[in-house]
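Taking it in order: structure first as structure tokens, then the write-up.
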2 protein chains.
Amino acid sequence: MELAEAKLKFIEAWGKLGSEWGINRTMAQVHALLLVSPEALTTEEIMETLSISRGNANMTLRDLMGWGLVEKQHKAGERKEYFFADKDSWNIARQVAQERKKRELEPVIKILNELTELKGDDKDPAFKTFKKSVTDINKLAKNVNRTLETMLKADESWFFGSIFKIFK
Amino acid sequence: MELAEAKLKFIEAWGKLGSEWGINRTMAQVHALLLVSPEALTTEEIMETLSISRGNANMTLRDLMGWGLVEKQHKAGERKEYFFADKDSWNIARQVAQERKKRELEPVIKILNELTELKGDDKDPAFKTFKKSVTDINKLAKNVNRTLETMLKADESWFFGSIFKIFK
DNA sequence: ATAAACTTTCAATAAATTTTGAAAGTTTAA
DNA sequence: TTAAACTTTCAAAATTTATTGAAAGTTTAT
């Protein structure tokens with residue numbers, strides 16, 4: 001296999017994984033492209049490599065910056081903006097976990113907290129079932145939230161090292 | 001707030017969370033409905049409550065059974081099929097983790113393994129960057145995989161208990 | 001001030017995904 | 001058998017989401 005072919009496979013695989021997990025395919029592909037690029041790339045280069053429009057490239061890059069996965073770079077004497085991705089996969093994981101926790105998990109926990117407080121007749125099976133499901137899922141969601149919070153603070157070796165110590 | 005209203009909120013929140021994580025909204029909603037129902041429900045009841053078509057209800061229920069989240073129940077003397085959801089949220093989380101690991105994570109790990117083996121010129125920055133990103137992400141993916149595997153075997157109290165011991 | 005170089009916006013369009021519903025299929029009872 | 005009760009299928013339609021590209025906006029150099 002050639003490097004060029006391997007890069008394409010990587011971009012494709014990353015794009016697919018992204019779309020399966022609710023991250024837009026193009027966004028994951030642009031990220032993958034920047035991950036395997038030693039140099040920062042211009043919007044132009046990204047557009048051409050992935051055959052996407054200027055508008056799409058621009059918006060996707062802004063999103064990626066919003067997720068903290070990609071940064072702008074300015075080269076001295078040039079007007080063009082260059083983009084590069086953090087290559088440390090542990091940082092990537094933390095960044096993604098942090099954003100999704102904030103954007104998706106926390107709003108749900110807020111609703112679950114409200115729903116947990118609903119008062120009703122404990123003899124009513126409908127109420128009891130509702131209460132149990134909501135309370136249980138709320139607990140689970142909070143545990144997940146705590147785990148993510150810890151992950152955000154931890155560094156990789158400590159995190160995985162510690163986890164696997166208890167599983168040895 | 002009324003129980004009925006609370007149920008709707010729960011179904012809505014669960015549906016939104018699902019769609020943000022690549023699980024079809026209707027599937028998450030049907031699951032939510034079954035979670036808060038003390039009795040098993042018929043396709044008919046699900047269709048009416050969520051205002052979805054027969055075909056959609058049928059396919060969604062099959063999917064949910066495929067994920068191991070919902071089961072059929074037959075009532076003596078009745079032709080109709082009833083459906084109910086496992087109410088134990090830890091089981092739900094394990095089930096979902098197991099399926100997504102198998103369906104989405106494992107195929108990517110397979111590709112990453114292949115790409116890791118690519119030989120090339122270590123002096124070529126393009127090759128070096130590719131190698132580093134792919135190898136690192138591969139390691140991370142494998143760690144995630146191992147963590148999920150452990151989760152699948154563990155029971156809730158042991159899992160979260162152990163995790164938080166090391167974070168105390 | 002003007003123009004060139006570059007970036008951003010967003011309405012229109014295209015693509016992907018989800019849903020429908022009627023027809024076909026299956027099972028059970030008589 | 002036959003028919004009623006129920007489930008499944010899937011092509012077409014609807015909906016949602018992503019993408020385009022040209023126009024508007026911005027910045028820099030002269």
Side-chain angles (χ1 to χ4, degrees), chain A residues 11-12 14-34 40-67 69-84 100 103-104, chain B residues 11-12 14-34 39-67 70-84 100 103-104:
Chain A
I11 289 168
E12 196 189 331
W14 207 232
K16 185 159 182 255
L17 188 65
S19 68
E20 284 165 344
W21 285 81
I23 287 159
N24 149 353
R25 165 181 234 83
T26 303
M27 185 164 149
Q29 288 183 336
V30 170
H31 183 228
L33 173 61
L34 292 175
L41 302 179
T42 61
T43 304
E44 206 82 18
E45 290 168 319
I46 292 166
M47 285 166 58
E48 280 165 24
T49 311
L50 300 178
S51 307
I52 61 175
S53 72
R54 183 173 302 284
N56 196 5
N58 180 270
M59 283 190 150
T60 298
L61 286 166
R62 279 213 278 107
D63 279 356
L64 282 168
M65 289 189 288
W67 281 72
L69 295 174
V70 163
E71 286 176 50
K72 269 188 193 170
Q73 192 175 66
H74 287 281
K75 294 202 179 174
E78 286 202 56
R79 296 270 308 268
K80 259 178 286 188
E81 294 179 329
Y82 288 78
F83 300 89
F84 69 99
R100 300 200 79 156
R103 296 182 194 192
E104 297 150 13
Chain B
I11 288 168
E12 196 189 332
W14 207 233
K16 184 156 183 258
L17 189 65
S19 67
E20 285 166 343
W21 285 80
I23 286 159
N24 143 2
R25 167 182 231 81
T26 304
M27 185 164 150
Q29 288 183 335
V30 171
H31 183 228
L33 173 61
L34 292 175
E39 308 287 341
L41 302 180
T42 61
T43 303
E44 207 81 19
E45 289 167 318
I46 293 166
M47 286 166 58
E48 279 165 25
T49 311
L50 301 178
S51 306
I52 61 174
S53 72
R54 184 173 300 285
N56 195 7
N58 180 271
M59 285 190 147
T60 298
L61 286 166
R62 277 214 277 108
D63 279 355
L64 282 168
M65 288 188 290
W67 281 73
V70 163
E71 286 177 51
K72 268 187 193 171
Q73 190 175 68
H74 286 281
K75 294 202 178 173
E78 286 203 56
R79 295 271 309 266
K80 259 179 288 190
E81 294 179 330
Y82 288 78
F83 300 90
F84 68 100
R100 300 200 78 155
R103 296 182 195 192
E104 296 150 12

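Quick note on labels: first sequence line is chain A, next is B, and so on, each numbered from 1.
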Write down the distance between CG (A:L41) and C1' (C:dT7), rounded to a whole number of angstrom. 17 Å
So which one's nearest nucleotide on DNA chain D is more toward 5', A:R79 or A:M59? A:M59
Which whole-number value in Å describes the distance from B:K72 NZ to C:dT27 C1'? 12 Å
Output the rounded distance in Å from CZ (B:R62) to C1' (D:dT7). 10 Å
Just N and O in the side chain of A:R54: are any of them under 4.0 Å from OP1 or OP2 of C:dT9? no
More than 12 heavy atoms of other residues, nucleotides or ligands under 6.0 Å from CD of B:E12: is that the case? no
From NZ of A:K80 over to C1' of D:dA29, roughly how many Å is that when rounded to an integer? 17 Å
Ignoring backbone atoms, establish whether B:N58 has a side-chain N or O less than 4.0 Å from OP1 or OP2 of D:dT7. no
For the salt bridge (charged side-chain N to carboxylate O under 4.0 Å, His left out) test, which of A:E44, A:E48, A:E45 pairs with A:R54? A:E44
Which is true for B:S51 with a 4.0 Å heavy-atom rule: it touches a base, it touches only sugar-phosphate, or it touches nothing? sugar-phosphate
Expressed as a whole number of angstroms, how long is the span from A:E78:CD to C:dC6:P? 8 Å
Evaluate the ring planes of A:W21 and B:W21, with Trp represented by its six-membered ring, and classify them as parallel (under 30°), tilted (30 to 60°) or perpendicular (over 60°). perpendicular
State, yes or no, whether a side-chain contact exists between B:I46 and B:L33 at a heavy-atom distance under 4.5 Å. yes
In this structure, how many angstroms lie between the P atom of D:dT8 and the CD atom of B:E44, rounded? 14 Å
By nearest-nucleotide position on DNA chain D, the 5'-leaning member of B:T43 and A:N56 is B:T43
Measure the shortest side-chain to side-chain distance between A:T43 and A:E81 over non-hydrogen atoms and say whether it is less than 4.5 angstrom. no
Give me the residues of residues 17-32 of chain A where at least one heavy atom lies under 4.0 Å from an atom of DNA chain D, by number, or none. A:N24, A:T26
Of the non-hydrogen atoms in A:G15 and A:A28, which two are nearest, and what is the gap between them? CA-CB, 3.8 Å
Rounded distance in Å - CG (A:L50) to C1' (D:dA18): 15 Å
Provide the closest heavy-atom pair for A:F83 versus A:V70 in the form atom of the first, atom of the second, distance. CB-CG1, 4.1 Å
Please give, in whole Å, the distance from C:dT17 C1' to B:D63 CG? 13 Å
